[in-house]
Number of protein chains: 2
Amino acid sequence: MRPTVHDIAASAGVSLATVDRVLNRRPGVRAVTREKVEAAIETLGYVRDMAAANLAKSRVYPLVFIIPTGDNPFMRGLEAEIAVAGLRSPVDRTRLSVLTVPAFDSAALVEAIDRAVSDVPAGLAVVAVDAPEVAAAIARARSAGVPVVTLVSDLAASGRDHFVGIDNIAAGRTAGSLMGRFLGGRPGPVAVLAGSMLVRDHRERLQGFTAALSQDFEPRVILDVLEGQDDPMLAEELVAICCKAHSDLAGIYSLGAGNSGLVTAISAQGRPIRVIAHELTSHTRSALKAGLIDAVLHQDAGHEVRSAIRVLKAKADGVAVIEAQERIRIDIFLKDNLPLEQAGDVREPIGRDD
Amino acid sequence: MRPTVHDIAASAGVSLATVDRVLNRRPGVRAVTREKVEAAIETLGYVRDMAAANLAKSRVYPLVFIIPTGDNPFMRGLEAEIAVAGLRSPVDRTRLSVLTVPAFDSAALVEAIDRAVSDVPAGLAVVAVDAPEVAAAIARARSAGVPVVTLVSDLAASGRDHFVGIDNIAAGRTAGSLMGRFLGGRPGPVAVLAGSMLVRDHRERLQGFTAALSQDFEPRVILDVLEGQDDPMLAEELVAICCKAHSDLAGIYSLGAGNSGLVTAISAQGRPIRVIAHELTSHTRSALKAGLIDAVLHQDAGHEVRSAIRVLKAKADGVAVIEAQERIRIDIFLKDNLPLEQAGDVREPIGRDD
DNA sequence: CTGTTAGCGCATTCAC
DNA sequence: GTGAATGCGCTAACAG
């Protein structure tokens with residue numbers, strides 16, 4: 001039987017209230033008494049039963065997610081997954097709320113963070129914009145006692161408690177490696193379609209891609225990055241122009257959003273072009289099936305949301321997280337290992353995690 | 001505030017004990033009374049707080065895992081992950097035990113299942129052997145009220161509550177698709193190294209591989225399956241013979257264990273052979289880095305163990321599982337997206353195994 | 001058949 | 001500074 005507060009109270013010769021005070025680091029205990037209790041905790045190997053503690057406290061965890069507005073399908077999928085997780089709130093004692101702010105707008109993000117913190121939530125999950133003022137706002141949140149995780153896009157300089165997302169350099173390297181192998185000996189340049197080089201994860205993906213493709217394979221020209229602003233129309237136009245300019249174009253790596261435009265552009269081409277894209281959506285899924293896209297690298301929004309919730313609760317309670325469980329995987333989808341589309345899928349399918 | 005038992009007791013005009021009786025489907029309640037209570041539960045939207053219930057019951061979940069003996073590194077990794085999960089037992093109220101039985105020995109497995117069931121555990125996780133008597137034993141367990149999940153290798157005919165593992169047909173298809181693309185136009189036959197065709201997951205992988213490779217690519221000869229019994233020595237020998245017999249061998253798909261032997265054999269070859277294998281171990285990892293293996297398909301044993309525990313607890317409590325969370329992924333590793341080696345990783349003794 | 005009561009392990013008033 | 005008492009939501013004797 002696990003030791004309880006009663007056991008350590010008896011063992012230390014004090015009352016439950018005193019034990020509770022030292023457990024929760026509250027004042028009103030003499031140093032000697034405290035040490036006696038801590039000794040008892042140590043020798044009995046006491047670990048507090050969080051379930052019972054939460055029951056007694058009627059604890060709920062108000063958690064705030066701050067994500068970009070706009071029609072980026074991945075972000076909307078993320079929002080949908082937050083809503084799904086919200087269905088379980090009564091069970092896991094959370095209360096989830098979502099704040100949306102214009103994408104890439106650090107001022108708006110800072111304001112949202114400060115506003116969220118003023119309600120002293122149990123935790124904050126932020127899709128970070130890579131800017132110093134954002135880092136400062138996150139630091140403020142933390143020093144106000146609010147645990148913060150960055151979501152999808154990291155900002156290590158902020159001192160956030162945890163990053164929930166994939167290793168984007170590794171993702172880029174994987175894309176580069178797949179591209180190199182898929183192309184085999186076939187000549188011709190490779191194009192890269194990004195959203196914006198102002199975004200950290202896009203920069204990292206490009207970096208990894210370039211490194212892997214130039215390191216492990218025969219020399220190949222990587223054309224200047226096409227910045228499609230994650231906008232399907234613009235992406236389509238840029239890709240079409242690029243195809244015209246390079247009649248021997250061998251491959252395209254799309255590392256951001258706006259893939260519906262990309263697909264339209266390449267399906268108009270009569271020649272085979274190897275294409276690797278990010279995020280499984282209804283568009284990339286059907287393009288994959290049709291053979292227009294060869295591989296899709298993916299991060300599971302559902303897993304990310306659940307992971308953020310678990311981590312924030314753990315941080316709020318000051319307990320350790322299961323690292324292995326919180327590692328977000330880079331999923332690689334070919335037409336042959338597509339997960340089934342599920343009834344609950346909003347528009348961005350899948351969901352599986354740990 | 002969520003409604004509690006008090007609320008429904010008041011609303012139904014009965015006592016707590018009666019509410020508890022209908023909640024737990026215990027006898028001693030008149031049909032009319034029961035219906036009143038159920039109506040109250042329905043209208044108030046009551047959901048029982050499992051944490052509080054478990055606290056009151058001092059509930060623990062004795063869970064039994066039955067896995068093969070032998071030096072199959074994946075199985076040993078699985079066992080290690082069970083031990084890791086056991087560290088958290090005090091926290092999540094489980095008590096894990098492991099029974100090992102000789103691999104592919106259905107009689108031994110049946111006996112182990114029956115023995116485990118006689119202790120009436122809260123749940124049973126079994127690496128199933130594909131045999132009718134095993135299915136019968138699992139069915140017995142379930143009708144004795146013990147929830148059963150199959151682990152890694154399924155046995156749908158048994159009526160198990162859930163399967164914890166990857167979709168092996170999809171895994172095979174993925175391997176076939178990758179093999180086809182990696183080979184490009186290069187001619188030459190492809191070999192398949194399996195453990196045994198008596199095992200269901202191996203059969204399924206082969207089936208998927210053959211289908212994908214012959215369906216989506218130019219015709220290619222797939223040689224007769226080499227059955228290496230998951231034994232490194234035998235695998236090495238078989239592969240060496242195969243290489244000698246087929247000087248134009250283009251690729252090898254290793255869908256079982258015994259990969260250290262495979263690696264030894266192919267590293268002795270002077271010519272490039274595309275290799276796709278299963279399960280990331282120290283051997284496959286270093287072969288991947290060295291370029292001897294091109295891709296590794298992987299299932300995360302840690303995830304599988306945690307998933308089995310979550311599912312069995314849920315089944316024991318009669319509550320729903322988060323399906324998305326319990327789907328086990330097929331991880332695809334290239335040298336570029338290898339996860340960092342961790343303390344808990346599978347480590348095999350040098351020389352004699354996979 | 002149904003209700004009362006006393007905990008499960010912990011947190012929190014309120015006295016002393 | 002410290003302790004006794006009460007309750008969180010639920011279960012389990014034990015009465016009636």
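Side-chain atoms are counted along with the backbone in the values below, which use heavy atoms only and exclude waters and symmetry mates. In what follows, chains carry the letters A, B, and so on, assigned in the order in which the sequence lines appear, proteins first and then strands, with residues in each chain numbered from 1.
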Quick check: do A:Arg306 and A:Arg88 have side-chain heavy atoms less than 4.5 Å from each other?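 Sidechains of A:Arg88 and A:Arg306: no contact.
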Only Watson-Crick and G-U wobble pairs, only distances under 3.5 Å, only runs of 3 or more: what stems does that leave for DNA chain C?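 Stems found: C:1-16 with D:1-16.
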Counting primed atoms plus P, OP1 and OP2 as sugar-phosphate and everything else as base, spell out the protein contacts along nucleotides 8-16 of chain D at 4.0 Å heavy-atom distance: B, S or - for each nucleotide, 5' to 3'. BBBSB-B--
Checking B:His162 now: which residues fulfil ring pair (Phe, Tyr, Trp, His ring centres under 6.0 Å) with it, not counting sequence neighbours?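 For B:His162 there are no ring pair (Phe, Tyr, Trp, His ring centres under 6.0 Å) partners, ignoring immediate neighbours.
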Give the table of side-chain donor-acceptor pairs shorter than 3.5 Å for residues 133-142 of chain B, with sequence neighbours excluded, one pair per line with atom names and distance.
from: B:Glu133; atom 1: OE2; to: B:Ser106; atom 2: OG; distance (Å): 2.7
from: B:Arg140; atom 1: NE; to: B:Asp114; atom 2: OD1; distance (Å): 3.3
from: B:Arg140; atom 1: NH2; to: B:Asp114; atom 2: OD1; distance (Å): 3.3
from: B:Arg140; atom 1: NH2; to: B:Asp114; atom 2: OD2; distance (Å): 3.0
from: B:Arg142; atom 1: NE; to: B:Asp161; atom 2: OD1; distance (Å): 2.7
from: B:Arg142; atom 1: NE; to: B:Asp161; atom 2: OD2; distance (Å): 3.4
from: B:Arg142; atom 1: NH1; to: B:Gly159; atom 2: O; distance (Å): 3.1
from: B:Arg142; atom 1: NH2; to: B:Asp161; atom 2: OD2; distance (Å): 2.9

Please determine if a side-chain N or O atom of B:Ser15 lies less than 4.0 Å away from the OP1 or OP2 oxygen of C:dT2.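 B:Ser15 to C:dT2 OP1/OP2: no side-chain N or O under 4.0 Å.
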Of B:Leu109, B:Val64, B:Leu99, which is the lone residue that meets side-chain contact (heavy atoms from CB on, under 4.5 Å) with B:Val126?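 Answer to the side-chain contact (heavy atoms from CB on, under 4.5 Å) test with B:Val126 among B:Leu109, B:Val64, B:Leu99: B:Leu109.
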Counting any heavy atom closer than 4.0 Å, what does A:Val14 reach on the DNA or RNA strands: base, sugar-phosphate only, or nothing?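 Here A:Val14 touches the backbone only, sparing every base.
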Taking the six-membered ring of A:Tyr46, is NZ or CZ of A:Arg48 closer than 6.0 Å to its centre and within 45° of its axis?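 Judged by the rule (NZ or CZ under 6.0 Å from the ring centre, within 45° of its axis), A:Arg48 is not positioned above A:Tyr46.
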Contacts of A:Val321 that satisfy side chain to side chain contact (heavy atoms under 4.5 Å, CB included) - sequence neighbours left out: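 So A:Val321 forms a side chain to side chain contact (heavy atoms under 4.5 Å, CB included) with A:Val311, A:Ala314, A:Glu323, A:Glu326.
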For the pair made of CZ in A:Arg25 and P in C:dA11, what is the distance, rounded to whole Å?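 For the pair A:Arg25 CZ and C:dA11 P, the rounded distance is 12 Å.
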Nearest-Å distance for atom pair CD1/P, residues A:Ile8 and D:dG3: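 Those two atoms, CD1 and P, are 13 Å apart.
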Do A:Asp154 and A:Arg160 meet the salt-bridge criterion of a basic N to acidic O distance under 4.0 Å?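 Looking at A:Arg160 and A:Asp154, the cut-off is met.
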Which pairs of donor and acceptor atoms, one on a side chain in residues 15-23 of chain A, lie under 3.5 Å apart (sequence neighbours left out)?
from: A:Ser15; atom 1: OG; to: A:Ala17; atom 2: N; distance (Å): 3.4
from: A:Asp20; atom 1: OD1; to: A:Asn24; atom 2: ND2; distance (Å): 3.0
from: A:Asp20; atom 1: OD2; to: A:Arg26; atom 2: NH2; distance (Å): 2.2

